[in-house]
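Comments concern the structure below.
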2 protein chains.
Amino acid sequence: RIQKYVTKKLGEDWIFLVLLGLVMALVSWGVDYASAKTVQAYKWTYRALHPNVPLQYVVWVAFPLGLILFAASFCHFVSPQAVGSGIPELKTIMRGVVLKEYLTLKAFVAKVVALTAGLGSGMPVGKESWMTPCSHTCQFCYSLSVFFPSFFCLSPYYYTDVLTVGCAVGVGCCFGTPLGGVLFSIEVTSTYFAVRNYWRGFFAATFSAFVFRVLAVWNKDAVTITALFRTNFRMDFPFDLQELPAFAIIGICSGFLGAFFVYLNRQVVLGIRRHKALSQFLTKYRLIYPAVITFCIASVTFPHGFGQFMAGELMPREAISTLFDNYTWIKHSGDTQILGKSAAWIHPKVSVFVIILLFFLVKFCMAVIATTMPIPCGGFMPVFVLGAAFGRLIGEIMASLFPNGILFDDILYQILPGGYAVIGAAALTGAVSHTVSTAVICFELTGQISHILPMMVAVILANMVAQSLQPSLYDSIIQVKK
Amino acid sequence: RIQKYVTKKLGEDWIFLVLLGLVMALVSWGVDYASAKTVQAYKWTYRALHPNVPLQYVVWVAFPLGLILFAASFCHFVSPQAVGSGIPELKTIMRGVVLKEYLTLKAFVAKVVALTAGLGSGMPVGKESWMTPCSHTCQFCYSLSVFFPSFFCLSPYYYTDVLTVGCAVGVGCCFGTPLGGVLFSIEVTSTYFAVRNYWRGFFAATFSAFVFRVLAVWNKDAVTITALFRTNFRMDFPFDLQELPAFAIIGICSGFLGAFFVYLNRQVVLGIRRHKALSQFLTKYRLIYPAVITFCIASVTFPHGFGQFMAGELMPREAISTLFDNYTWIKHSGDTQILGKSAAWIHPKVSVFVIILLFFLVKFCMAVIATTMPIPCGGFMPVFVLGAAFGRLIGEIMASLFPNGILFDDILYQILPGGYAVIGAAALTGAVSHTVSTAVICFELTGQISHILPMMVAVILANMVAQSLQPSLYDSIIQVKK
């Protein structure tokens, strides 16, 4: 009787959730650690060859080329199902369609290894493809529960409930954002949501995010458990009501840009498919397509070439943290010392507006094409960077229009371009994925909630525009793959 | 054809949502304004009679007595359905039960007027009963849509969808917390939630919260749109990992306290019902019950009597903002000057621990009894205050255990008792209502998200304990009323 009691207690769902959260946080942190080290090695090698520009160029291009080709061939040989974002597939599975060999251990391994390589290459590919490994684990546990019903008494679960929890954990420990993770995964994968399942997602995602952040503290990456891209905006007067039109413009423009992104992404895939000869050629030599794309992207961003006009030396994560910084760049064109890493955005001969605009335009095309590569890659992170750049552009324009700040109650308040960047990032990701919970993810990523109302306004406007023009990126991929 | 197009566009749901948000924000702000003015008048009269203690006592007791009696009799004569929290009734309606005469215009008026009086009395009654007026409006619009199908083309809506949006708007503009409002209303009222309805709630709640906060700016209550109970904790190092056990203890204790609160609340109602003679007497003389309770509560909190040992002069909102403040009270027992309103918590002869403990114990009993009064009253706000006091108590104890702060990386970090108060508030409300979105409401109310991980841990622990002991407060009321 005692044994029965123990096995029953052990099989309770919270143990399952703790284990799921723990394992996923460890793997997620492992992916982050390995890819961060790869990026470090990349930059170190690049810098070590300093005066020799041609050799630097070779390293700058060959390093990501090798990693992407490795990722693509690893996926091809181990599990071709691991290619892509994973969210469209999950959405399809949640609606009851059986995708053969999708949630297997092989696909899990392929996802994790190829994702690490992809992230380490510094290419504009996102980590939210990470949701699927978690669902794999859920699926794995679910299969176990069929074989060991006495041990894993998961009877109150339905299959989709388990997957929903997996998705929540996936997004939650991907960025260390438990709340936003749960909401985002509900929005992108479900049509009807069982509220009784809500706390499960929260529990597992919080535990997972907690372990994920504690590992960062333990590894001395962070002093204590704080946000991933912490911002330091003033809180007593974060923004003025007179700035609201600018926030609304960011929202509406993001809506159009998001819809355009989805449209272009679909057209690239359909265009290749329509061109019979090209399509056959690419199917035969699978590695040509990612190789050409990686070569082009790396060549364009080369810091001694065109990259100097678009902050090419910044890796995606660095780009985000510099775009969210607390300076007003147009005021620091002379002295770039105090800007730190953000100095990459200042060019002695070119205006900072042109640099941000070039960054946005080039990265936009890059992100559209890079997300069609046959490797595990998400669209969330690249779009997040784009949105941040767009918001920052508007913010710097506002700062140059009102160089002395905005007068309110006889006090002059400076404009915070970093706040505009945060709002732009939330709005554009919201528009592309047709979700509003990107706002929550932004609060958790930045650790500041002071811009809540303008951000909600921008995200909702972006959603209204984007939803009336195009399906979401994930629905668009489902349509294309049908 | 143009006319048809115009009526179709006018009938689109976002117009409905904007109108709903606007109207509800205006009414919510009106309720807030009127009740705040009433409280001001109350305190002003009390202070004007300064040297005359007996007369002060009469005013202190008579003022809330009059308001509560007015609220109770107004409800009784206009619409007895307006009594209580409203959330249990909404939950019942959402599950398909028809409650006659519940969602009527009369009940709406009764709710709004009686709620204003109740809030103005300074009694521990909450404003989240406010959800129901919004649902009334939704119901009203829904009835309209039946009569004018061409104008209000609400066909894509189902009845419960409209009500869900109403609930979200209700909570959203009650505290100016759109995100938390939507999530809280989903958690307490729905069992299955349609994700397509998600953006509607967000849209209406954001608009409503926006108007609500803009009105505050316009009325010069606030400088700009910021959080209602804004906190100013340091952000570079909000807490240390070594403080986590204390946060976990807050969570677990809150779970037990929350379950105890629900149990006591039910026992009070059932106890009166079991006692036949008392029950008949109270049904005959309806005003006796609220009068006795109000008299007792006001007498206990009288600042020159027992109230001096429990910060009795603070109204609920003042209590929250002082509990969330940035000082460490045990260090300021001598000089109360810089504390401002928080000076009410310092007594020259009694330790601050005893005062917070007394406040917690007395207010606990008060809140249990006050929420059974026959007026429109929610349990959210009183429980929120209790949780904040409990958290603050633990925080001050921690601050006295580690008077020099916690050493980390050779830097001494002071303990922030205010942060403990925020976590306690979220955990206790979460335990009583069986929700995790109280954490989101707390972030939005305080405008700071730096304590996200310990708060999520505390809220989830509180939920685990409370859910295994008792039903939620709302389910408990449904069971009692059956």
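Atom set for the values below is all heavy atoms of this structure, side chains included, hydrogens, waters and symmetry mates excluded. Throughout, protein chains are lettered first and strands after them, A, B, ... in sequence-line order, and every chain is numbered starting at 1.
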Give the member of V440(A), V457(A), L183(A), I186(A) that has the highest number of heavy-atom pairs under 4.5 Å with chain B.
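When all of V440(A), V457(A), L183(A), I186(A) are compared, L183(A) has the most.
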Contact residues of residues 458-466 of chain B (partner chain A; heavy-atom separation under 4.5 angstrom)
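Residues of residues 458-466 of chain B touching chain A at under 4.5 Å: I460(B), M464(B).
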The reported gap from CE in M455(A) to OG1 in T206(B) (rounded to nearest 0.5 angstrom) is 12.0 Å
Looking at every non-hydrogen atom in both residues, tell me the closest pair between P178(A) and L453(B) and how far apart they are.
CG-CD2, 4.4 Å
